[in-house]
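These notes concern the structure reproduced below.
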Amino acid sequence: MRTLLILLVLGVCASWVASKPTQEKKDRVHHNKDLSDHKHDDSKDFQYDHEAFLGKEEAKTFDQLTPEESQERLGKIVDKIDKNKDGFVTGEELKDWITHTQNRYIYENVNKHWADYDKNKDDKISWEEYKNTTYGYAAGEEEFYDVPDKERYRQMLRRDERRFKQADRDGDLIATREEFTAFLHPEEFDYMQDIIVTETIEDIDKNGDGSVDADEYIADMYTPEADEPEPEWVKTERQQFSDHRDLNKDGKMDKSEISHWINPHDYDHADLEAKHLIYESDKDRDDKLTKKEILDNWNMFVGSQATNYGEDLTRRHDEF
């Protein structure tokens with residue numbers, strides 16, 4: 001029974017979030033995704049802003065509401081965004097809201113499985129609760145004595161514990177929902193980027209020198225068959241490694257170069273959208289918004305039946 005339980009760890013262990021099977025190397029790169037599939041053109045409609053602010057599904061819900069209902073719900077959202085309750089929405093608060101909105105599926109997934117780990121129902125998950133639930137053992141690493149490949153599972157346990165401690169910002173080994181989300185989805189949290197780089201090196205660095213050379217880089221995405229000539233795309237990747245990955249041209253990627261590779265400096269779409277919404281709504285130009293300023297410009301933040309009707313008329317006019 002113990003052996004069966006430990007084998008099931010492979011399916012749920014957070015250590016494997018960052019691991020990628022062969023042929024999926026490009027998934028290691030964490031790009032900032034756009035906030036909407038719609039083109040951002042406020043001269044035509046505010047659909048991009050609506051989906052950025054609410055998320056795609058919630059934006060559809062607002063589109064079915066009357067203008068009065070939309071404004072009432074927006075007012076309640078503003079109260080949530082204003083975390084310090086000072087009566088203003090700052091750019092940082094708005095950015096945090098947009099980021100949270102775009103990652104809603106992650107939080108929903110964490111909430112769905114929360115009760116599986118929160119055994120004492122205190123709305124927090126301790127390291128012991130996670131470890132015992134995931135691995136099935138209350139004791140230490142020596143308890144893997146009856147499991148094949150026991151060293152592998154000990155490494156997984158150590159890796160999970162290190163990541164848990166990184167996510168646990170106050171160091172009490174008890175995770176809030178936000179901290180537990182960072183533990184399971186570190187790619188979405190800036191303060192977890194170092195641990196992603198460390199885990200990436202551990203995944204790819206086969207000779208244990210703490211860096212990634214060209215052969216290790218290629219092996220992460222390509223396993224050749226016996227006597228198979230190297231495909232052209234692999235040769236192209238080798239050139240990419242030489243030209244764009246190995247920045248200091250020493251034949252390998254160090255921690256800094258790996259960070260540059262997997263965390264490219266893309267545009268921060270949430271930050272740009274927050275600044276855009278503030279600029280368009282900030283009447284007194286104090287770089288923050290009151291609830292009234294947001295509600296005065298409510299149709300940029302959320303939709304309604306009325307805005308949909310107006311957009312339909314505009315589209316029909318353009319067609320004619």
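Side chains are part of it too, since the values below use all heavy atoms of this structure and drop only hydrogens, waters and symmetry mates. Because the structure is predicted, anything quoted here is derived from the model rather than measured.
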Would E92 and K288 satisfy salt bridge (charged side-chain N to carboxylate O under 4.0 Å, His left out), going step by step from the backbone distance to the final call? CA-CA 10 Å; E92 194 63 29; K288 54 188 176 182; over 6 Å; no
Test of understanding: with side-chain contact (heavy atoms from CB on, under 4.5 Å), list the residues that count as partners of [X], not counting sequence neighbours.
{"X": "A270", "value": "K95, I98, T99, D268"}
{"X": "K206", "value": "E216"}
{"X": "D284", "value": "D282, D286, E293"}
{"X": "E72", "value": "K76"}

Contacts of type salt bridge (Lys or Arg N to Asp or Glu O under 4.0 Å), residue K83, not counting sequence neighbours: none
Taking the side chain as everything from C-beta on, heavy atoms only, tell me whether [X] gets closer than 4.5 Å to [Y].
{"X": "Y105", "Y": "E57", "answer": "no"}
{"X": "N207", "Y": "D205", "answer": "yes"}
{"X": "R28", "Y": "D220", "answer": "yes"}
{"X": "S304", "Y": "E69", "answer": "no"}
{"X": "R245", "Y": "Q240", "answer": "yes"}
{"X": "K252", "Y": "D246", "answer": "no"}
{"X": "K56", "Y": "D37", "answer": "yes"}
{"X": "F88", "Y": "L289", "answer": "no"}

Supply the atom-to-atom distance H38 NE2 to K44 NZ, rounded to the nearest 0.5 angstrom. 13.0 Å
Pairwise distance CD1(I196) to CG(D203) - rounded to 0.5 angstrom: 11.5 Å
Quick test of your reading of the model: are [X] and [Y] salt-bridged, counting only N-O distances below 4.0 Å?
{"X": "K165", "Y": "E161", "result": "yes"}
{"X": "E68", "Y": "R73", "result": "no"}
{"X": "K131", "Y": "D160", "result": "no"}
{"X": "K85", "Y": "D79", "result": "no"}
{"X": "K275", "Y": "D287", "result": "no"}

Return the set of residues passing ring-ring contact (aromatic ring centres under 6.0 Å, His included) with [X] (not counting sequence neighbours), or none when no residue passes.
{"X": "F301", "result": "F53"}
{"X": "Y48", "result": "H40"}
{"X": "Y279", "result": "none"}

Qualifying residues under side-chain hydrogen bond (donor to acceptor under 3.5 Å, both in side chains), relative to [X], sequence neighbours excluded:
{"X": "R104", "answer": "none"}
{"X": "E230", "answer": "R238"}
{"X": "Y191", "answer": "none"}

Could you list all the salt bridge (charged side-chain N to carboxylate O under 4.0 Å, His left out) pairs where at least one residue sits in residues 168-177, not counting sequence neighbours? D123-R177
When you compare the side chains of S256 and D254, does any donor N or O come within less than 3.5 Å of an acceptor on the partner?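 Judged by distance alone, the side chains do not pair up.
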Using only atom types and a distance under 3.5 Å, with no angle test, would you say the side chain of Q239 pairs donor to acceptor with the backbone of K235?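 Not a single qualifying donor-acceptor pair exists.
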Verify, without hydrogens or angle tests, whether E257 (side chain) and L247 (backbone) share a donor-acceptor contact under 3.5 angstrom.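 Yes.
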Taking the ring centre of each residue, are H100 and Y107 less than 6.0 Å apart?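 Centroid separation for H100 and Y107: below 6.0 Å.
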Compute the ring centroids of Y135 and Y153, then answer whether they are less than 6.0 Å apart.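 They do not qualify: ring centres at least 6.0 Å apart.
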Please report the C-alpha distance between E199 and R163 in whole Å, then the side-chain angles of each, then the deciding distance to 0.1 Å, and finally whether the salt bridge (charged side-chain N to carboxylate O under 4.0 Å, His left out) criterion is met. CA-CA 9 Å; E199 290 178 0; R163 189 195 282 191; 2.6 Å; yes
